[in-house]
Enquirer: 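Structure below; questions to follow.
The analysis underlying the following values was restricted to heavy atoms, covering all of them including side chains, and did not include hydrogens, waters or symmetry mates.
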Amino acid sequence: MIKRALPVTREADFAAWYQSVISEADLAEESGVRGCMVIRPWGYGIWERIQRLLDDRIKATGHENCYFPLFIPLSYFEKEAEHVEGFAKEMAVVTHHRLISNGKGGLVPDPSAKLEEPLVVRPTSETVIGVAFARWVQSWRDLPVLINQWANVVRWEMRTRMFLRTSEFLWQEGHTAHATADEAREETLKMLEVYRSFAEDCLALPVVAGEKPENERFPGAVATYSIEAMMQDGKALQAGTSHFLGTNFAHAQNIRFQNAEGELEFANTTSWGVSTRMIGGVIMVHGDDDGLRVPPRIAPWQVVIVPMLRDQPEDEAIIAYCKDLQVDLARQSALGEPVRALLDLKFGKAASKRWGWVKKGAPVIVEVGGRDMAGGNVSVIRRDRLYREDGKLDSAVLPKSDFVGNIAALLEEVQISLHTEARARLKANIAPAADFAAIEAHFAEGKQNPGWLEVQWSRPTGAALEAVVEKLKVLKLTLRNAPTEQVAIDGACVFTGDTAVERVLVGRSY
């Protein structure tokens with residue numbers, strides 16, 4: 001039996017396993033403020049890679065980066081009733097700008113320093129950006145406006161889990177204004193595709209893109225689209241969203257422009273975003289019982305070199321050999337960029353350092369001892385396939401020159417391997433259901449990975465939709481999205497019995 005690196009397995013306790021990966025891989029830790037986390041260098045390094053790769057894609061579609069304030073006047077939210085209702089329970093509010101001593105060794109807000117208007121700590125920026133758009137947009141010649149910002153937001157969550165649901169998290173949020181609804185819808189779907197391709201190509205994260213049902217729309221949106229990823233326990237993770245806002249926010253913020261005929265019109269707007277929640281998805285899709293497995297495209301270090309030092313005279317020669325290897329690797333390109341190679345010279349036993357990098361999920365770990373050096377070799381461990389069939393660690397001894405020459409192909413192979421494994425799992429765990437009884441039976445208690453069901457539905461709205469949501473809530477299920485790539489409809493809605501118009505995914509979620 002293989003002894004795994006983590007103290008708990010996925011099968012024994014998936015939630016505890018998830019927390020164990022975060023801890024053992026040095027991704028993040030508690031901060032002292034409930035629902036907020038300290039993102040450690042390895043975790044933040046993954047986020048930096050996500051930022052860089054996604055930022056390039058966002059800019060390639062014509063968007064520019066900017067920055068808006070963390071504090072938003074409460075009156076901005078009050079202009080958009082539906083929007084503020086959606087976020088009201090999660091808003092953190094600043095009411096004073098100074099503290100004074102309470103005479104007992106503590107501090108309290110100074111009554112004389114009360115703000116004239118409360119300030120909301122940014123939960124999202126539609127309102128404040130809408131006010132700016134109203135200033136910037138006067139004529140049809142000013143459109144479209146295409147901007148993005150990388151920022152932090154605060155949503156006061158009651159039940160928190162690192163990366164997946166935190167009171168403060170990091171994200172990007174794009175906001176655009178257009179002359180017509182058709183242009184804005186096209187923008188919404190364009191950015192959905194940016195997210196889909198980014199998740200698949202860079203995170204090796206298979207997703208299903210589609211439109212969210214009415215009850216899952218972003219507050220104030222006309223339509224919301226999402227990419228949904230399946231975790232190893234079968235639950236869905238909403239990994240990114242793109243919203244067509246119509247003229248709702250334009251009316252609230254008075255974003256109007258003079259068209260080519262000289263008439264005033266309201267602009268159509270969009271917003272879209274992904275967050276550090278994506279890291280949670282990477283953990284739960286690619287992690288195993290030895291820790292995290294990071295796809296090479298987003299790994300801060302793609303190759304980690306661990307010298308096997310023994311406090312012997314030959315140690316200096318081994319270190320020099322490893323430094324040469326690091327330089328040689330950095331001269332290579334893989335997946336469109338120079339190879340990122342780290343030489344780990346921290347104090348400690350080589351075996352401990354090896355397993356530390358296994359738990360962090362470095363794509364390729366290279367060990368070099370005296371025997372390797374003497375033979376001009378390296379010992380290579382691929383994190384995507386850690387063990388041989390006999391259960392022993394799969395460490396391949398390769399000529400140093402061959403390893404360097406083939407590093408691009410190796411890293412691409414690891415990237416593809418992780419995606420292929422996850423894609424197969426996703427496809428194997430989406431099944432059809434002909435009626436509601438089949439849904440109930442499928443999600444009966446005790447199944448290790450119930451996955452999702454794809455069912456026909458009539459796209460009910462209002463009270464009819466609320467009734468569907470309540471029926472699903474009893475089973476702890478939610479409607480995920482109606483996939484963009486639809487299978488032909490051939491029957492009735494499993495919820496209402498009315499004629500079906502599309503298929504929708506149903507599952508448990510984070």
Enquirer: Is there a donor-acceptor pair under 3.5 Å between the side chain of Y18 and the backbone N or O of M162?
Expert: yes
Enquirer: Within 45 degrees of the axis of the six-membered ring of Y321 and under 6.0 Å from its centre: does K400 put its NZ or CZ there?
Expert: yes
Enquirer: If you look at every heavy atom in L237 and R277, which pair is closest and at what distance?
Expert: CD1-NH1, 3.6 Å
Enquirer: Considering only heavy atoms from C-beta outward, does the side chain of E193 approach that of Y225 to under 4.5 Å?
Expert: no
Enquirer: Nearest 0.5 Å, please: how far is CG in D394 from OH in Y387?
Expert: 11.0 Å
Enquirer: Looking at D26 and K360, does any basic side-chain N land under 4.0 Å from a carboxylate oxygen?
Expert: yes
Enquirer: For residues F436 and L472, determine if any side-chain heavy atom of one lies less than 4.5 Å from a side-chain heavy atom of the other.
Expert: yes
Enquirer: Is any side-chain N of the basic residue among R4 and D290 closer than 4.0 Å to the acidic one's carboxylate O?
Expert: yes
Enquirer: Run the numbers on S226 and E228 for side-chain hydrogen bond (donor to acceptor under 3.5 Å, both in side chains), then give the verdict.
Expert: CA-CA 6 Å; S226 71; E228 304 283 333; 2.8 Å; yes
Enquirer: For P206 and H419, work out which heavy atoms get closest and say how close.
Expert: CG-O, 4.0 Å
Enquirer: Taking side chain as C-beta onward, heavy atoms only, is F198 less than 4.5 Å from L203?
Expert: yes
Enquirer: Considering only NZ, NE, NH1 and NH2 on the basic side and carboxylate oxygens on the acidic side, decide whether R385 and D288 come within less than 4.0 Å.
Expert: no
Enquirer: Could you tabulate the donor-acceptor pairs under 3.5 Å formed by side-chain atoms of residues 487-496, not counting sequence neighbours?
Expert:
{"unit_1": "D490", "atom_1": "OD1", "unit_2": "Q456", "atom_2": "NE2", "d": "3.3"}
{"unit_1": "T496", "atom_1": "OG1", "unit_2": "S458", "atom_2": "OG", "d": "3.0"}
{"unit_1": "T496", "atom_1": "OG1", "unit_2": "D498", "atom_2": "N", "d": "3.2"}
{"unit_1": "T496", "atom_1": "OG1", "unit_2": "D498", "atom_2": "OD2", "d": "3.4"}

Enquirer: For W150, does the CH2 atom sit with more than 12 other heavy atoms under 6.0 Å from it, leaving out its own atoms?
Expert: yes
Enquirer: For I58, is there any backbone N or O sitting under 3.5 Å from a side-chain donor or acceptor partner on T61?
Expert: yes
Enquirer: Salt-bridged, K473 to E470, with N to O below 4.0 Å?
Expert: yes
Enquirer: Between E48 and R52, is there a side-chain N and carboxylate O pair less than 4.0 Å apart?
Expert: no
Enquirer: Around E440, counting heavy atoms of other residues, nucleotides and ligands shown, do more than 12 lie under 6.0 Å from its CD?
Expert: yes
Enquirer: In a check of side chain to side chain contact (heavy atoms under 4.5 Å, CB included) between I39 and each of L170, I46, L27, I279, which one passes?
Expert: L170
Enquirer: Nearest 0.5 Å, please: how far is CD1 in I318 from CD1 in I305?
Expert: 13.5 Å
Enquirer: Do D372 and N377 have side-chain N/O donor and acceptor atoms under 3.5 Å apart?
Expert: no
Enquirer: Going from CD1 on I50 to CD on Q172, what distance comes out if it is rounded to the nearest 0.5 angstrom?
Expert: 11.0 Å
Enquirer: Going by an N to O cut-off under 4.0 Å, is there a salt bridge joining E454 and R480?
Expert: no
Enquirer: Taking P483's backbone N and O only, do any of them form a donor-acceptor pair with Q486's side chain (distance below 3.5 Å, no angle check)?
Expert: yes
Enquirer: Check whether R508 reaches the backbone of D233 with its side chain - one donor and one acceptor, N or O, closer than 3.5 Å.
Expert: no
Enquirer: So for atom CZ, which belongs to R371, do other residues, nucleotides or ligands contribute more than 12 heavy atoms lying within a distance under 6.0 Å?
Expert: no
Enquirer: Can you find a heavy atom in the side chain of V121 that is under 4.5 Å from one in the side chain of E168?
Expert: no
Enquirer: Under a 4.5 Å cut-off applied to non-hydrogen side-chain atoms, are L426 and V285 in contact?
Expert: no
Enquirer: Salt bridge or not between D315 and R310? Use side-chain N to carboxylate O under 4.0 Å.
Expert: no
Enquirer: Is a side-chain donor-acceptor pair under 3.5 Å present for E367 with S395?
Expert: no
Enquirer: Answer yes or no: does atom CD of E29 have more than 12 heavy-atom neighbours from other residues, nucleotides or ligands under 6.0 Å?
Expert: yes
Enquirer: Is the closest side-chain heavy-atom distance between R49 and E337 below 4.5 Å?
Expert: yes
Enquirer: What pairs with T124 under side-chain contact (heavy atoms from CB on, under 4.5 Å), at least two apart in sequence or on another chain?
Expert: H83, F87, E126, R155, W171, E173, F218
Enquirer: Counting C-beta onward and ignoring hydrogens, is there a side-chain heavy-atom pair between T241 and Y195 closer than 4.5 Å?
Expert: no
Enquirer: Considering all heavy atoms of both residues, which atom of C202 and which atom of I298 are nearest to each other, and what is their separation?
Expert: O-CG2, 3.7 Å
Enquirer: Examine distances only and state if a side-chain atom of D289 and a backbone atom of L6 form a donor-acceptor pair shorter than 3.5 Å.
Expert: no
Enquirer: Under 3.5 Å, is there a donor-acceptor pair between the side chain of Q302 and the main chain of P363?
Expert: no
Enquirer: So, the side chain of E157 versus the backbone of E90: is there a donor-acceptor pair under 3.5 Å, distance only?
Expert: no
Enquirer: Between the main-chain N or O of G35 and the side-chain N or O of R165, is there a donor-acceptor pair closer than 3.5 Å?
Expert: no
Enquirer: Is it the case that the side chain of T270 and the backbone of T188 share a donor-acceptor pair, with hydrogens and angles ignored and the cut-off at 3.5 Å?
Expert: no
Enquirer: Closest heavy-atom contact between W156 and A92?
Expert: CE3-CB, 4.2 Å
Enquirer: Checking S242 side chain against L189 main chain: does a donor-acceptor pair fall under 3.5 Å?
Expert: no
Enquirer: Please tabulate, for side-chain N and O atoms in residues 404-413, each donor-acceptor pair with protein atoms closer than 3.5 Å (sequence neighbours left out).
Expert:
{"unit_1": "N406", "atom_1": "ND2", "unit_2": "D402", "atom_2": "O", "d": "3.1"}
{"unit_1": "E413", "atom_1": "OE2", "unit_2": "R382", "atom_2": "NH1", "d": "2.6"}

Enquirer: Side-chain contact, heavy-atom cut-off 4.5 Å: R217 with F244?
Expert: no
Enquirer: Pair T478, E216 - check side-chain hydrogen bond (donor to acceptor under 3.5 Å, both in side chains), show working.
Expert: CA-CA 9 Å; T478 56; E216 294 283 346; 5.1 Å; no
Enquirer: Which heavy atom in S379 sits nearest to a heavy atom in V397, and how many Å separate them?
Expert: OG-CG2, 3.8 Å
Enquirer: Any luck finding a side-chain donor-acceptor pair between H243 and T224 under 3.5 Å?
Expert: yes
Enquirer: In Å, rounded to the nearest 0.5 Å, how long is the span from CZ of R122 to CZ of F68?
Expert: 10.5 Å
